[in-house]
2 protein chains.
Amino acid sequence: MHYDINEYKNPLFTVDSVLFTVKEGALKVLMVRRAKAPCEGCWGLPGGFVDIENDMTTDVTARRKLKEKTSVEPRYLEQLQAFSGSDRDPRGFSVTLVYFALVTEQDVSSHIASVEDVQWIDVKVLPSLDIAFDHKTIIEHAQKRLQQKALYSMIPVYCLPSQFTIGQLKSVIETILEKPIQRKSLIRRIEASDMFEGAEQKVKSGGRLAQLYSVKEGADLVNFERNFSV
Amino acid sequence: MHYDINEYKNPLFTVDSVLFTVKEGALKVLMVRRAKAPCEGCWGLPGGFVDIENDMTTDVTARRKLKEKTSVEPRYLEQLQAFSGSDRDPRGFSVTLVYFALVTEQDVSSHIASVEDVQWIDVKVLPSLDIAFDHKTIIEHAQKRLQQKALYSMIPVYCLPSQFTIGQLKSVIETILEKPIQRKSLIRRIEASDMFEGAEQKVKSGGRLAQLYSVKEGADLVNFERNFSV
DNA sequence: CGAATAGTGTCTTTAAGACACTATTCG
DNA sequence: CGAATAGTGTCTTAAAGACACTATTCG
């Protein structure tokens with residue numbers, strides 16, 4: 001049976017990523033300054049088109065684009081959601097599949113022509129910047145998802161180096177949630193989750209030496225049955 | 001600046017919906033029997049291509065396709081996730097954006113040529129059926145999402161008529177979760193959520209008359225801070 | 001020693017689970 | 001009345017919050 005692929009015009013389809021980290025006590029999102037139209041000169045999310053010959057899935061596209069445009073390989077990556085419409089891109093009806101990612105604080109750089117600059121941008125200064133398309137809204141959605149997940153999972157560990165102290169984890173969680181949590185509650189979760197193991201050595205921290213922890217080999221992110229209270 | 005839309009071949013992009021209801025004490029999913037290739041004769045999820053001239057967003061596409069193919073207008077609709085790959089559709093690399101929907105138990109019918117038949121199919125019999133593409137996997141993901149949300153929200157009400165009793169709601173939740181819950185816990189949630197209002201009349205139910213409830217005008221789905229236990 | 005941070009002990013609070021009890025309807 | 005289902009009262013339990021207490025390090 002004949003199938004006419006041109007029966008409908010396909011929408012413009014792209015993959016973008018919202019990559020967060022916590023740095024200097026603030027939640028930062030990775031943005032690139034666009035060197036090409038549309039939105040030349042604006043800040044935008046790193047992303048681009050699927051390479052249908054080589055990308056197995058859109059997950060691969062998201063990772064590939066992050067690496068190409070910013071040299072970052074995320075520690076955590078999941079689909080956020082698709083954003084679509086005819087008014088979000090001047091080129092016509094478009095769909096962007098957005099990924100939500102986390103990484104250890106690190107330096108970033110760009111090596112390709114379509115990107116002028118790459119920066120970690122504090123989510124608090126976003127309102128005052130010139131942001132491409134609907135990327136501002138998208139980042140807000142991603143931030144909400146991160147906050148929600150931080151209430152019932154250990155997802156914030158992916159913003160830390162592979163070894164970290166409870167004090168660092170507490171501080172990252174508090175930055176994400178924008179409110180304090182109980183150290184004791186965090187310790188109880190660390191024990192209950194069985195996701196972590198303590199290292200041999202301890203580390204200086206201004207007072208008593210702190211135990212270092214790392215995520216156990218192959219441990220999955222566990223979800224708790226209750227949220228931290230809001 | 002020139003932008004070359006053909007720099008990359010766009011993937012094939014479709015929108016599909018997993019529409020559930022609870023009927024005769026079982027979770028059912030709405031499937032259509034495909035009258036056209038690919039997968040002619042198989043059961044598949046209702047969906048299709050975006051009409052980029054007329055659909056404002058992919059949400060509209062999902063609703064439109066459901067209505068065209070099955071005559072159903074869902075009470076609840078949200079994005080599930082996109083599924084992508086070069087091996088899921090014989091026509092090449094494809095992306096399907098999948099929606100997850102709920103509706104009151106109702107009759108369904110088809111009025112278009114590309115659909116031979118429309119049926120509510122018990123999720124328990126899916127393994128033994130011939131299902132198009134990766135739709136079996138997709139339905140499993142959607143079912144997990146439904147089960148997860150039923151643990152911390154009142155989402156199962158959208159499988160009931162606009163007026164319902166606590167007994168009916170309890171039974172729908174138990175069907176979705178595949179385990180019993182405490183009636184008392186459910187009543188506490190109904191009161192705490194402030195999503196519902198009692199109707200004037202009560203209704204027969206084999207014993208004492210039962211209070212009818214309905215979702216308050218404009219009430220949003222509330223999320224509880226704890227799950228029902230597993 | 002005192003300041004600072006790490007880590008423990010334990011009481012309170014919240015919301016779910018368990019389950020017995022009362023209430024209402026119908027045959 | 002008895003069976004069936006609706007709805008309440010209340011004790012127990014699980015896990016978070018609050019917060020005081022001890023432990024260790026450094027200057």
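Just so it is clear: chains get the letters A, B, ... in the order the sequence lines come, proteins before strands, and each one is counted from 1.
- Here A/Lys67 pairs with A/Glu73 in a salt bridge; the nearest charged N to carboxylate O distance falls below 4.0 Å.
- Side-chain contact, A/Gln211 with A/Tyr213: no donor N or O sits under 3.5 Å from an acceptor N or O.
- Protein atom CD of A/Gln168 is 13 Å distant from nucleotide atom C1' of C/dA6, rounded to whole Å.
- In this structure the side chain of B/Val222 never reaches within 4.5 angstrom of the side chain of B/Met154, judged on heavy atoms.
- Taking atom CD1 on A/Ile187 and atom P on C/dT5, their separation rounds to 16 Å, with Å as the unit.
- Counting non-hydrogen atoms of neighbouring residues, nucleotides and ligands closer than 6.0 angstrom, the NZ atom of A/Lys179 exceeds 12 such neighbours.
- The nearest whole Å value for the distance from the CG atom in B/Leu186 to the C1' atom in D/dA6 is 13 Å.
- One atom, CD1 of A/Ile166, and another, P of C/dA6, lie 9 Å apart when rounded to the nearest Å.
- Rounding to the nearest 0.5 angstrom, the gap separating the CD1 atom in B/Ile155 from the CG atom in B/Leu221 is 5.5 Å.
- We find that A/Glu191 and A/Arg188 are not joined by a salt bridge, their nearest charged nitrogen and carboxylate oxygen being 4.0 Å or further apart.
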Run B/Phe13 and A/Phe13 through ring-ring contact (aromatic ring centres under 6.0 Å, His included) and show every step you take. CA-CA 8 Å; B/Phe13 182 79; A/Phe13 182 80; 5.5 Å; yes
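- Distance B/Glu174 CD to D/dT5 P: 13 Å, rounded to the nearest Å.
- Considering only the side chain of A/Arg226, D/dA14 comes nearest among C/dT5, D/dA6, D/dA14.
- Stem list for DNA chain D (at least 3 consecutive Watson-Crick or G-U pairs, distances under 3.5 Å): C:1-27 with D:1-27.
- Environment of NZ in B/Lys144: sparse, with no more than 12 heavy atoms of neighbouring residues, nucleotides or ligands closer than 6.0 Å.
- Sequence order on DNA chain C of the closest nucleotides to A/Thr165 and B/Arg189 puts A/Thr165 first from the 5' end.
- Regarding A/Glu191, its CD atom lies at a distance of 13 Å from the C1' atom of C/dG9, rounded to whole Å.
- Each of A/Leu212 and B/Phe224 was matched to the nucleotide of DNA chain C holding its nearest heavy atom; the match closer to the 5' end belongs to A/Leu212.
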B/S/- along nucleotides 17-27 of chain D (protein heavy atoms under 4.0 Å) is BBB---BBB--
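- Heavy atoms of B/Glu225 sit nowhere under 4.0 angstrom from any nucleic acid atom.
- B/Arg183 has a side-chain polar atom (N or O) that falls below the 4.0 Å cut-off from OP1 or OP2 of D/dA6.
- Side-chain contact of B/Thr61 with B/Tyr99: a donor-acceptor pair under 3.5 Å is absent, judged by distance alone.
- Atom CD1 of B/Ile190 is separated from atom P of D/dA6 by 12 Å (rounded to the nearest Å).
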